[in-house]
Amino acid sequence: MTAISLGMPDVPTKLADRRVSRKIHVGSVPVGGDAPVSVQSMTTTRTSDIGATLQQIAELTASGCQIVRVACPTQDDADALPVIAKKSQIPVIADIHFQPKYVFAAIDAGCAAVRVNPGNIKKFDDQVKEIAKAAGDAGTPIRIGVNAGSLDARLLAKYGKATPEALVESALWEASLFEEHGFRDIKISVKHNDPVVMVNAYRQLAAQSDYPLHLGVTEAGPAFQGTIKSAVAFGALLSEGIGDTIRVSLSAPPAEEVKVGLQILESLNLKPRRLEIVSCPSCGRAQVDVYKLADQVTAGLEGMEVPLRVAVMGCVVNGPGEAREADLGVASGNGKGQIFVKGQVIKTVPESKIVETLIEEAMKIAEQMEKDGVTSGEPVVTAAG
Ligand code: SF4
């Protein structure tokens, strides 16, 4: 059916076309090109503790993480890689600093990719030819991960500090060493703890190359600060189409990083939405405790995979409008809640019954969605006043 324009402006569903980058494959997950932006995290266990590491990877997988990185600072960690790479449900990247021999170990172990840091693995430059050959033969991509805190001494001397130019030069220099040996299966990160420097570095890198980019604000801080920094920096870049895979770094359990990463992508319509609670901030007009109601509804629906949009509104000003736009909603007032399903008021319940009624109705809609095979939502743009 041809859409007929009724004179209404189209609502854009994305902020920018993705930058055209070359595509690589981190195990089963494509990164770059037309592949969706993926979310990754890093384990906090000792990698040599295989049981604990696999347990954390299982938790990360359950939280939606698509790629996981494990640190490999010792021989014991390197020895654990074959089992971890084999048993992990998602592709495993070995994170190597200082010891080039572990790069070979990680490739042999069947890791989906290896991350190296050009700033602290200088010995590595002499072995690029061998590493390029081993990685090329095994089909193992390499992430060149430049970090402001461990910038190559030569570039630190040249630029005085970790400027965007210094980060980019370091990354592109290292990449050129691999390219000289015909190895092109590379992705790059240029992380800094200052979102402004980081955004500028990635912009420059994006303009100068077609490498797929792994976005990260390094040492972003505790959960609240790190979430804001990452959302701001990733938002700026992703809204320009820059970024192919993301890692939110928080001083918090890694599953929290994944939650934040997924939410950033969902907010930018770069990932189909799942459960979304549209709740008002409350104000002097509220006739119900909106915070409590929103928390209770969120807790009651936690883990729901279908793209349900639930509106929890404090009064009748925006309440009925928002509630009608959602799959399910409540507009509260006068000690009661009007429950809407797909735009229709289906019942009015006393305030004490709002939460249980919403959860009950949500379950019914979710069940129907699952029967209909709806497991993820089309990205939609919504605006709530
Ligand atoms: S919906 Fe009502 S209570 Fe909530 S912020 Fe808007 S006016 Fe205030």
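Whatever order the structure lists them in is the order used to number ligands and atoms, beginning at 1.
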Enumerate the atoms of ligand 1 whose separation from the nearest heavy atom of Ala286 is less than 4.0 angstrom.
3 (S)

Is it true that the side chains of Gln56 and Thr44 contain a donor and an acceptor less than 3.5 Å apart?
yes

Do any N/O/S atoms of Cys283 come under 2.8 Å of atom 8 (Fe) of ligand 1?
yes

For Arg285, the ligand 1 atoms with a heavy-atom partner under 4.0 Å come out as 7 (S)

Counting backbone and side-chain atoms alike, is an N, O or S atom of Cys280 positioned under 2.8 Å from atom 4 (Fe) of ligand 1?
yes

To the nearest 0.5 Å, what is the distance between CZ on Arg143 and OG on Ser189?
4.0 Å

Donor-acceptor pair, side chain of Arg285 and main chain of Gly314, under 3.5 angstrom:
no

Less than 4.0 angstrom from a charged side-chain N to a carboxylate O is my criterion; do Glu219 and Lys229 meet it?
no

